[in-house]
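Let me begin by presenting the structure, written as structure tokens, before commenting on it.
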There are 2 protein chains.
Amino acid sequence: MPTTTKARIVSEARRLFAEQGYATTGLTAIRAAAGVHAGSLYHAFPSKQALLIAVLEDYLAQMDDRLVGPAWAGVDDPIERIFALLARYRQFLIDTGFMFGCPIGFIALEIHQPDDDVRALIWENFNNWMKRVRDCLDQVEFASPTDLDNVATLVLTTMEGAVMLARTARSIAPFDQSVTALRDYISRLSAEPAPSNSGQS
Amino acid sequence: MPTTTKARIVSEARRLFAEQGYATTGLTAIRAAAGVHAGSLYHAFPSKQALLIAVLEDYLAQMDDRLVGPAWAGVDDPIERIFALLARYRQFLIDTGFMFGCPIGFIALEIHQPDDDVRALIWENFNNWMKRVRDCLDQVEFASPTDLDNVATLVLTTMEGAVMLARTARSIAPFDQSVTALRDYISRLSAEPAPSNSGQS
DNA sequence: GTCTATAGGCTGATAGAC
DNA sequence: GTCTATCAGCCTATAGAC
């Protein structure tokens, strides 16, 4: 449990936003969870949006420690690291009885008219995630020339879509199906020369 | 403009939920847009959730007329039909200055503790969408044996993720990147034999 | 920096006349 | 089936004492 008032508020807000959504979570609930009174919260964060920004900055700062590091513990192969990251989200879904959703994805869709600071921070989180994937892809010798940024983007969109579908289905099947197709794609990239029209849209 | 009160309410609710989100859109705004008074709305739909269910049933019933039909007009090739469907979402993003999001995806992530009727209807919408893609895939002679349900799922997750990222980036680039990678995958399926470990996860 | 008290507005839902 | 009036509760934000 974080000790400073600000850190405790951010920690509880992060948890409640992830569990219940941003709009649905009242400052009252956050105050109760963090054990602070209205004036203290207002003193630390002048608005609910300022608190959201602090939460998004926290996700960004802690991505390696809380998400990527644990996922990659004991995994050295760069391709397997990509799927270890996805496996982490799979486990979150299982562990929460399919209540889990990517907290960043939640906010990305929930905020319909985002302040530019908020939008930029969500994008930084996405971008950072893709960079980790891109770094893995850079370590692989692919048999056919392929735009690796495109592949890294596909990995993220697959994760976000797979979590969305599995949550809705209350079943891991759609998650596994899309990840299996993604792995099929990546294994074909490693193993074979590109067809003549590859990479065009 | 629909004539019956119920249809007018559903039509405006559908629009407002898509533009602003479910939680954010008040019944007051829906009443104002549809030009009905509180008692009438309550008479037609006993709760906000009942109205949401009517909206989701409307999406399901009108998927072919409003989405799939227009997307496939003048497109006969089954693979091109899949990408014509995706191109439709691309155009929605462009036309709305990246405010657009898949209305079903919005609701799927926004409702954190969904009533089972709501959840089942969201899933039916996803499933129906994947069926259209699956029907296209069935018309193609693929060179290598591949689980086509996995591919259909990947198409949907790619669309949902691509819309999420493009909205956040306020740029079509991430959408195009993931769709380009998806097309690269599908073209490899058509053109080449599978590697020995294809389709495994 | 912490606490109490509350403002001002919005929400979904509803009762009851017509 | 339509309208008016309103309730009780929640929300964010804030003023002001300590």
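Given the structure is predicted, the values throughout are model-derived calculations rather than measurements.
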May I ask you to test the A/R119-B/R167 pair for a side-chain heavy-atom distance under 4.5 Å?
no

Just the rounded figure in Å: distance from P of D/dT2 to NZ of B/K6.
11 Å

About how many Å separate CH2 of A/W129 and CE of A/M159, when rounded to the nearest 0.5 Å?
4.5 Å

In chain order, what residues pass the ring-ring contact (aromatic ring centres under 6.0 Å, His included) check against A/F175, with sequence neighbours excluded?
none

Can A/D135 and A/R81 be counted as an ion pair, charged N to O under 4.0 angstrom?
no

Take atom CZ of A/R8 and atom P of C/dG1, then tell me their distance rounded to the nearest Å.
13 Å

Which residues pass the side-chain hydrogen bond (donor to acceptor under 3.5 Å, both in side chains) test with A/D138, not counting sequence neighbours?
A/R134

Output a table of nitrogen or oxygen pairs between the protein and nucleotides 4-11 of chain D separated by less than 3.5 Å.
unit_1, atom_1, unit_2, atom_2, d
D/dT4, OP2, B/H37, NE2, 3.3

According to side-chain hydrogen bond (donor to acceptor under 3.5 Å, both in side chains), who are the partners of A/Q139, at least two apart in sequence or on a separate chain?
none

Atom CG of A/L51 and atom P of D/dA13: how far apart are they, to the nearest Å?
10 Å

Is a salt bridge present between B/D58 and B/R66, judged by a nitrogen-to-oxygen distance below 4.0 Å?
yes

OP1, OP2 of D/dA13 versus side-chain N and O of A/Y42: anything below 4.0 Å?
no

Under a cut-off of 3.5 Å for both distances of each Watson-Crick or G-U pair, what dot-bracket string does DNA chain C give, using [ ] for crossing pairs and | for inter-strand pairs?
||||||||||||||||||

Does C/dG1 have OP1 or OP2 sitting under 4.0 Å from an N or O in the side chain of A/T5?
no

Atom CZ of B/F45 and atom C1' of D/dG1 are separated, to the nearest Å, by 14 Å

What pairs meet the ring pair (Phe, Tyr, Trp, His ring centres under 6.0 Å) rule with one or both residues in residues 153-173 of chain B, with sequence neighbours excluded?
none

